Amino acid sequence: MPIVRAMTRTLRPTTHAARPALLRLGVGAFSAVHNLRRRAMFRTLHRQGEDRWAPVGVARVLRRPLPPRVADAIFDAAQLVNLAATAGLAHRVTGPLNAALQLWTITYRNSWGMVFHNDNTLTMHQMALGLGRSADALSVDALVTQRTLLPNRVSRHYGGIATVMNLATCAVYLISGVAKVRSPQGWAWASGDTLREQIAADAIRKESFGGVPPKFAGEMYRSKGQFGLLAIGALVIELGAPLSLVDRRLGALFSAGAWGMHVGIRMIMGIKFSYNTSGVAYLPYLTNIPALSPR
């Protein structure tokens with residue numbers, strides 16, 4: 001059927017093995033640096049009192065937290081496996097294992113009293129890359145088995161990986177947008193009043209606990225009209241995220257808008273979404289381009 005073929009070409013384009021390989025290298029390298037910087041934080045987290053333990057997700061298999069040394073060892077093992085998966089070393093084993101370990105690491109971290117959502121996209125991207133054929137090029141495996149880093153491999157399998165990653169990205173933004181309009185404010189969230197109050201409350205909290213609120217927070221708070229534009233822009237980006245899967249140009253537009261939104265959040269609220277502001281989160285939109293027409 002023409003519609004089915006068109007959807008297949010869009011969502012699972014025929015492309016070269018190097019495309020998902022580039023994503024594997026970029027996402028894996030970001031994760032390695034990101035988690036290395038947070039290693040001390042994780043070790044401190046593992047030593048909190050058991051009264052702070054509230055397991056979520058896959059961590060619900062535990063009745064009580066792991067001994068700190070065991071939790072530390074699993075975290076460190078996850079980073080070593082991530083390096084092997086990023087290099088494409090025995091990826092059929094290290095890829096799925098890395099997907100499982102990264103899921104465990106973020107879930108265990110979220111089981112200590114508060115669920116953080118800023119790592120969800122990164123974790124799901126690593127799972128898609130780990131479970132997909134992302135190491136058929138630019139990998140140790142390719143060099144050993146094919147005697148080249150760029151074997152001449154073209155398939156729909158490779159185009160589908162980026163689409164799965166983009167679906168994960170869309171889900172995160174769409175859920176965030178739906179949560180806003182389902183809040184007590186409903187569609188009135190678009191007025192910007194709620195966003196203005198959130199920024200003010202965040203600035204007060206930072207001052208109360210010895211922090212320094214971003215200077216843009218105070219400057220923007222005095223200009224109420226700008227918050228309406230920011231709120232509408234956020235809703236358009238988040239609720240319109242699924243449209244980014246329809247066309248590559250819409251995907252590029254969504255990526256630019258989402259990246260700009262997170263840069264703005266960092267400047268106004270001082271909240272870091274490192275994966276998003278780095279731009280790595282949107283690489284799947286830029287690499288998911290058909291290499292040739294499907295047979």
Side-chain angles (χ1 to χ4, degrees), residues 22-46 57 75-76 78-83 85-86 98-99 101-130 162 165-177 179 198-199 202-203 205-206 209 211-217 230 233-234 237-238 241 244 251-252 254-287:
L22 289 171
L23 296 176
R24 187 195 78 245
L25 292 170
V27 174
F30 177 89
S31 178
V33 174
H34 185 57
N35 283 327
L36 178 62
R37 290 177 175 175
R38 302 193 301 172
R39 185 171 184 268
M41 180 273 289
F42 271 90
R43 294 176 71 86
T44 300
L45 192 76
H46 297 160
F75 175 83
D76 290 339
Q79 310 323 308
L80 292 175
V81 172
N82 177 64
L83 290 176
T86 300
N98 186 50
L101 285 172
Q102 298 304 324
L103 176 62
W104 174 265
T105 296
I106 188 59
T107 305
Y108 192 78
R109 180 238 203 277
N110 285 341
S111 295
W112 290 98
M114 181 176 179
V115 177
F116 293 86
H117 301 287
N118 54 319
D119 283 327
N120 287 354
T121 306
L122 174 59
T123 302
M124 289 190 288
H125 282 183
Q126 288 184 286
M127 293 176 69
L129 290 165
M165 296 172 73
N166 291 337
L167 281 168
T169 302
C170 286
V172 171
Y173 283 96
L174 183 59
I175 290 171
S176 179
Q198 288 175 337
I199 291 175
D202 181 74
R205 179 182 60 81
K206 285 183 170 64
F209 289 93
V212 179
K215 65 177 183 178
F216 287 103
L230 292 174
I237 291 170
E238 293 174 346
S244 66
F254 164 77
S255 299
W259 178 81
M261 181 177 70
H262 286 292
V263 171
I265 291 172
R266 185 165 186 171
M267 292 175 63
I268 298 171
M269 301 183 70
I271 300 175
K272 298 178 181 179
F273 292 86
S274 300
Y275 189 48
N276 303 84
T277 55
S278 71
V280 178
Y282 310 108
L283 286 179
Y285 283 105
L286 304 179
T287 61

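Predicted, not measured: the structure shown is a model, and the values here were computed from it.
The nearest pair of heavy atoms linking Phe42 to Thr105 is CE2-CG2, 3.8 Å. Residues Ala162 and Thr287 share a closest heavy-atom pair of CB-OG1, 4.4 Å. Taking every heavy atom of both residues into account, Gly251 and Tyr285 meet most closely at CA-CD2, 3.7 Å.
Residues Leu103 and Gln126 form no side-chain contact, since every pair of their non-hydrogen atoms from C-beta on lies 4.5 Å or further apart. Taking 4.5 Å as the limit, every side-chain heavy atom of Lys272 sits out of range of all side-chain heavy atoms of Thr277. Residues Ile268 and Leu230 meet the side-chain proximity criterion, which asks for heavy atoms closer than 4.5 Å. Looking at His117 and Ile175, their side chains never come closer than 4.5 Å, going by heavy atoms from C-beta outward. Residues Asn110 and Ile106 are in side-chain contact: their nearest non-hydrogen atoms beyond the backbone lie under 4.5 Å apart. Counting heavy atoms from C-beta on, the side chains of Gln102 and Asn35 come closer than 4.5 Å. Counting heavy atoms from C-beta outward, Glu238 and Met261 have side chains that approach closer than 4.5 Å. Under the 4.5 Å side-chain criterion, counting only non-hydrogen atoms from C-beta, Leu22 is not in contact with Leu283.
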With side-chain contact (heavy atoms from CB on, under 4.5 Å) as the criterion, how do Val263 and Met267 come out once you've worked through the C-alpha distance, each side chain's angles and the decisive distance to 0.1 Å? CA-CA 6 Å; Val263 171; Met267 292 175 63; 4.0 Å; yes
Verify side-chain contact (heavy atoms from CB on, under 4.5 Å) between Met165 and Leu129, making sure each step is shown before the conclusion. CA-CA 8 Å; Met165 296 172 73; Leu129 290 165; 3.8 Å; yes
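Leu83 CG to Asn98 CG: the interatomic distance, rounded to the nearest 0.5 Å, is 9.0 Å. How far CZ of Arg37 is from OG of Ser274: 7.5 Å, rounded to the nearest 0.5 Å. Note that NE2 of His46 and CZ of Phe75 are 7.5 Å apart. Values are rounded to the nearest 0.5 Å. Here the OG1 atom belonging to Thr121 is positioned 11.0 Å from the CG atom belonging to Asn166, to the nearest 0.5 angstrom. Interatomic distance, CG of Leu45 versus OG of Ser111, reported as 9.5 Å (0.5 Å rounding). Separating the NE2 atom in His125 from the CG atom in Asn120 is a distance of 11.0 Å, to the nearest 0.5 Å.
Using the six-membered ring where Trp is involved, Tyr108 and Trp112 have ring planes that are perpendicular, over 60° apart on the 30 and 60° scheme. Taking the six-membered ring where the residue is Trp, His262 and Phe273 present tilted rings, their angle falling between 30° and 60°. Between Tyr173 and Tyr282, the ring planes are tilted. Angles from 30° to 60° get that label.
Ser31 places no side-chain N or O within 3.5 Å of a backbone atom of Val27 that could act as its donor or acceptor partner. At least one donor-acceptor pair under 3.5 Å links the side chain of Arg24 to the backbone N or O of Thr86.
Residue pairs meeting the salt bridge (charged side-chain N to carboxylate O under 4.0 Å, His left out) criterion with at least one member in residues 115-129, sequence neighbours excluded: Arg38-Asp119.
Applying the 6.0 Å contact sphere to CH2 of Trp259 captures no more than 12 heavy atoms from other residues, nucleotides or ligands.
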